[in-house]
Amino acid sequence: IVLVNVKTVCNSRESLERAQNRKVLPFMHIYKQIALSLPFLFCSQLSLADWINDSAQNVEAHTIKLRQHIHQHPELGNMEFKTSELVQKELKSYGIEVRKGYAKTGVIGILKGAKPGPVMALRADMDALAIEEKTGLPFASKVKAMYQGKETHVMHGCGHDAHTAMLLGAAKALAANKDKIAGTVVFVFQPAEEGGADVDNFTQGHLIGSRKMIADGALNNPKPEVIFGMHVRAGMPSGTISYKDGAILNSGDHLRIQVNGKQVHGSMPWLGRDPIYASSQMINNIQSLISRKADLSKGMGVVSIGSIQGGTAGNVIPEQVNMTGTIRSNSENIRQNILKDLPKMIEYNALANDVTAKVEIAPYAPVTMNDKTLTKLMQPTLAKVVGDSKLHVLENNSSASEDFAYYGELMPSLFVFVGATPADQDMSKAAPNHNPLFIVDDATLKTGVESHIRFVMDYPKVAEQVQADWKKTQATKI
């Protein structure tokens, strides 16, 4: 309205004369100057608002190139030497401080913004899987490597190549715009999220992945007050993001049970002690830990036995049976009760069958929890990336597990899923993560890059409230 009035007055000599007579011409001159400058001011604000999207677009081709290179040269957990070297080289070329020596191949990048503000961490995992790729992509992996002492095919079948490339793309964009950053960014490139190729993951799990990064002091100096992570996900269209507050991923614990009996001919079981029969009862009774003992109003839990090894002949009751399995839950309360009660149940089942049993449980990760305040306040940030129509709140958490959870025990954290399947593909037919046919759409990468950038740019605006609520939550746990 102001612009229209100024233009009307300035184009009318009669109006100008009247204005001059009323001694308001000086004011009209000021209004005219404001009117002339408003378009430039508007353009400046528009440019400021769009620089994040522009930056993500500017690094998109480079990010795709990086991802394809990493995909074609996958490395198993704890063996990501070339990937680590690539990450270090890229970060240095962006002018980012590089630190190494964490969890064998882990890398930390540090970027200090021009403005004061919080220390914020962004995390990506770098390891691949022992899978033979069958995608037929031009950059498909043909790599073989040693896993647990045996040669195996290697593939980035879970998208960690995309995670690494997206974080590098974001690092490149942020480094070029560090004058706009309030605070310090810690880029966390973590190895062995899927486990180590060269260690016993059951007994040495604490020596790899996020636990080892933390133990080695990767987050000590500077110490982040918040951390963000993401995971590409098949069956979700590229250009979409899914999230929820609270539990976003299940806990995960490894289970081993050894049952020892007395070997005997199958025709005379009374002369022996049958570990197979005892094991079958144990498998059945374990399920009652969920159906009869878990408070399912607090969440869910599952105990699955995935491997049973015992015996060599149909007419011989063996001396020993070995079982391995997994324990999952989206409630830390339910998880802890299972971990406490399962060994006792196996012990009493063994006594009832006159056999002995040894139970070993090794933690992989607690429940991955999205901080409620952080999730709520960063929702507008996620909407900026994909738009409201492509931002989805999950009704339930994912059943998988992630060692990102350990970071979330130290500070407020937010972990989201990014769609990885081409939007024109039937989502129900998309090969899932950990499948030889799993693919990541190139369009996915820009979504991840932009999300990382916006996390850094928007978090300082809500940091005070997030930290205040976090401290209150932690105080209630003491």
Output, in order, the C-alpha distance, side-chain angles, deciding distance and verdict of salt bridge (Lys or Arg N to Asp or Glu O under 4.0 Å) for Asp245 and Lys376.
CA-CA 8 Å; Asp245 65 7; Lys376 177 182 178 181; over 6 Å; no
dist Asp341:CG -> Lys293:NZ (nearest 0.5 Å) comes out at 3.5 Å
Of the non-hydrogen atoms in Ala140 and His71, which two are nearest, and what is the gap between them?
CA-CD2, 4.2 Å
Steps toward side-chain hydrogen bond (donor to acceptor under 3.5 Å, both in side chains) verdict (Asp441, Gln425)
CA-CA 11 Å; Asp441 186 12; Gln425 184 175 325; over 6 Å; no
Rounded to the nearest 0.5 Å, the CD1 atom of Ile290 sits from the CG atom of Asn337 at a distance of 10.0 Å
May I ask you to decide if Asp127's main-chain N or O and Glu194's side chain share a donor-acceptor pair within less than 3.5 Å?
no
Between the CD1 atom in Ile346 and the CD1 atom in Ile361, the distance rounded to the nearest 0.5 Å is 9.0 Å
Could you tell me how the ring of Phe455 sits relative to the ring of Phe228: parallel (under 30°), tilted (30 to 60°) or perpendicular (over 60°)?
parallel
Under 4.0 Å between a side-chain nitrogen and a carboxylate oxygen: does that hold for Lys212 and Asp216?
yes
Answer yes or no: is there a donor N or O on one side and an acceptor on the other, between the side chain of Asp125 and the main chain of His160, under 3.5 Å?
no
Within the distance-only criterion (no hydrogens, no angle test), does the side chain of Asp469 pair as donor or acceptor with the backbone N or O of Leu374 below 3.5 angstrom?
no
Flag for Ser401-Arg328: side-chain donor and acceptor within less than 3.5 Å
yes
Separation between OG1 (Thr381) and CD1 (Ile453), nearest 0.5 Å, reads 12.5 Å
Just by distance, no angles: are the side chains of Lys446 and Asn53 close enough, under 3.5 Å, to form a donor-acceptor pair?
yes
Test side-chain hydrogen bond (donor to acceptor under 3.5 Å, both in side chains) on His163 and Glu193; report intermediate values, then the result.
CA-CA 12 Å; His163 301 167; Glu193 187 275 330; over 6 Å; no
Spacing of CG belonging to Leu391 relative to NZ belonging to Lys384, to within rounding of 0.5 Å:
13.0 Å
Just checking Glu464: does its CD atom have more than 12 heavy atoms from other residues, nucleotides or ligands closer to it than 6.0 angstrom?
no
His153 and side-chain contact (heavy atoms from CB on, under 4.5 Å): which single residue from Lys144, Glu133, Lys142 fits?
Lys144
Verify whether one side chain among Gln336 and Glu332 offers a donor that lies under 3.5 Å from an acceptor in the other.
yes
Axial cation check for Phe404 ring with Arg123, 6.0 Å and 45° limits:
no
Thr135 side chain vs Pro436 backbone, donor-acceptor pair below 3.5 Å:
no
Looking at every heavy atom in both Asp295 and Ile334, which two are closest together, and how far apart are they?
O-CD1, 3.4 Å
To the closest 0.5 Å, what do you measure between CD (Gln68) and CG (Asp161)?
10.0 Å
So, does Gln287 use its side chain to make a donor-acceptor pair with the main chain of Val303 at under 3.5 Å?
yes
With a cut-off of 6.0 Å (strictly less than), are more than 12 heavy atoms of other residues, nucleotides or ligands near NZ of Lys471?
no
